[in-house]
Amino acid sequence: MRAVPAILANLILAVAALGLGGVVERFLPQSFSRLERFTMRLLGGLGLIGTILFDVGQEWFNQRIIITLVLIGAVFGARFLILAARGLRANTLNARISLLAGLIIACVLIVTAVGGLVEPSGNLGQDSIAYHYLGPKVWLRDGAIRPVPDQLQTAFPAIVETSYGALMALGGQRAPNFFAVIGLSALLLVAACLAMRLKTTFWEACWVAALIVAMPAVYGGAASGFIDAMFAAFVLAAARIGFDAKRLRDYAAFGMFCGFAMGTKYTGLIACAALLGCLVLTSALSPNFNWKTLVKGLGVAGGVAAVVAAPCYVRNWILLGSPIYPPPPGLSRVFEVKFLSPDAIEKFHEYILRRGTGMGRGPLSLLLLPFHLTYHTSNFSGAGGIGLAPLALAPFGIVAARRDAFARSVTLLAAVLTLAWFATEQESRFLIHVYAIAAIFAVLGWRYVVRAAPKFGPALSISVVGLSILYGLFMIGRMRTDDLHTMLSSSFAEQRRREAVPFYGGFDYLNSAPSAGRVLVLDPLVPTYYLDRDYVKPVGSFDEQTIPNATDLGSVLSDLHALQISYVLDVHWDRNSVIPDHYDPRRVRMDYQLPENPTGLTLVFEGPDDRVYRVDQP
Amino acid sequence: MDFKSDISDERQQSTFRTRIYPRLVELWILLVIFAFFAVRVFGSSTWRHILSKLLHRHGG
């Protein structure tokens, strides 16, 4: 029964997105199909909800504001759905659907839905616990969207995380996990639209979606709070609209999706630069090139994108000292930021470089990248990979579609995005938009191979697609086994909670204590997502210094009353088992553990690894 | 002479398109599948674990 609010919250959010997405639909070209309009409406609506809530949330982020916006959207969304249903009845579907591909997609979405209903668990090594869910939870508690000082990633662009906040307010802590169903569906829909623009049939577009949904690297970027699938969907939607843009309204819609991408992740800045660059190049090479229209269009697109994405960057500049926080290597000397020392910023850059090394950055690594991405995906933090179809069939798809101007633009975009990814951070889930494009060309290649090599081509193509999907489904199944088990067995759920939620005893005590005010959390590796109370963490896991003068344990303890601390959470655990890969234990500046019988504190709870002390009145 | 060489070129091209190119396409796909089994399946730690267990049993 606890799952019902999570499902309902997501359903209402999706309907509200379809309602508010009507604003985006007005800007779309008339030539767009019914499926394309529906997809852009859903995606645009999700982007708009996140953007509006983020902007308003700088001052007010609470249940009342969220319910008001979502209800307004849901009314329009319900009206749209009723009209669309009538239209469907009037027009019989004449597109041929691949039942097998549909079944594969349905299976993965059902597993995602069931697995997405479990309560979030894990430690700081999991991004959802570290910041994707922590930020929205703290924002709702504080009533405003502000970066959490002890977790620098909560200052990242947050269009999707703001929607997570809305889902938490409407459907509880499980609701953002279930959002994976919407995110994944949106990505599949936009990929299918792009595929059909590249002249695949609806039947083939179904197989494009099946190939994408069975890519474990894509799935990993959609499930468990990751926002990469939504980001990829925004980039692909921008490409779909931008490469066909003719009127200024088209450019405005293109700019809107560029803005959503930049408002979702910092890498959106690179993606938008790539989109604009490819748009200029392909327009300049087209026979009907008119530079005046292009300049005007780019101006409109840039303006709209800036209006959509700017609030996050301006907010960071005002509150933290740099529009991009933490500042990237080029900007770290220009901007002096709050909470992070130059040493901490340098360590952060080192960590990003180390994590994004992949299998090297040399010319040979670039040449071998298609093979590495296919066969050695764990080197890119993308265990499970992308299947065989992109490597085996996509090159033929590119050959087959070489005379199509739109296909050339999409190929160029994929190449530029891959190069940018290769030069910056080679993490598999950051390349989901390119994987989707590769799946489209793989299906085009499948068609080509059947014609070019009629003897064994059909059987070999089916083998490649079949192996890709079966292997992908096996890996996804393994990924979600524990989640499915948790949903089916309450005893396993309890056992998992005890194992996967660190200090659940201490958190339970603090969350249920009626007088608990502000809590002091000393250890930087304690995942404060589980704490429902206001808290202070003097040092974050990226060495964020949240209390400027508190350099050691003694100075923090002497400030307890000034900081209005009611309780102290003290943990004694084997830190080596939970250290996330970004954390450098050599940088420990202060002792994070209280001495036995600390003065001014009374022990009120003792668990196996954790103790809770109440601060004595002065 | 030019006319003859054109015909010869055309024949060579058509041989390439109808005989060699399809085989190359098939070979490429076969290689990708073969590498998948070599690297992802038989090179995986799971497979090596199964194999070492089998060998251990056989030896015992």
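Within every chain, numbering begins at 1; the chains are lettered A, B, ... in the order of the sequence lines, protein sequences first and strands thereafter.
Contact residues of residues 463-478 of chain A toward chain B are A:Ser463, A:Val464, A:Leu467, A:Tyr471, A:Arg478 (heavy-atom distance under 4.5 Å). Residues of residues 21-30 of chain B that come closer than 4.5 Å to chain A, counting heavy atoms only, are B:Tyr21, B:Pro22, B:Arg23, B:Val25, B:Glu26, B:Trp28, B:Ile29, B:Leu30, ordered by residue number. Contacts between residues 440-452 of chain A and chain B, counted as heavy-atom pairs separated by less than 4.5 Å, involve A:Tyr448, A:Val449, A:Ala452.
Heavy-atom distances place no part of B:Ala38 under 4.5 Å from chain A, backbone and side chain included.
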I'd like a table of donor-acceptor pairs (distance under 3.5 Å, sequence neighbours excluded) in which one partner is a side-chain atom from residues 392-402 of chain A, with atom names and distances.
unit_1   : atom_1 : unit_2   : atom_2 : d
A:Arg402 : NH1    : A:Val399 : O      : 2.5

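Within a 6.0 Å radius of CZ in A:Arg361, more than 12 heavy atoms belonging to other residues, nucleotides or ligands are found.
Closest approach of A:Leu388 and B:Phe36 over heavy atoms only: CD2-CB, 3.4 Å.
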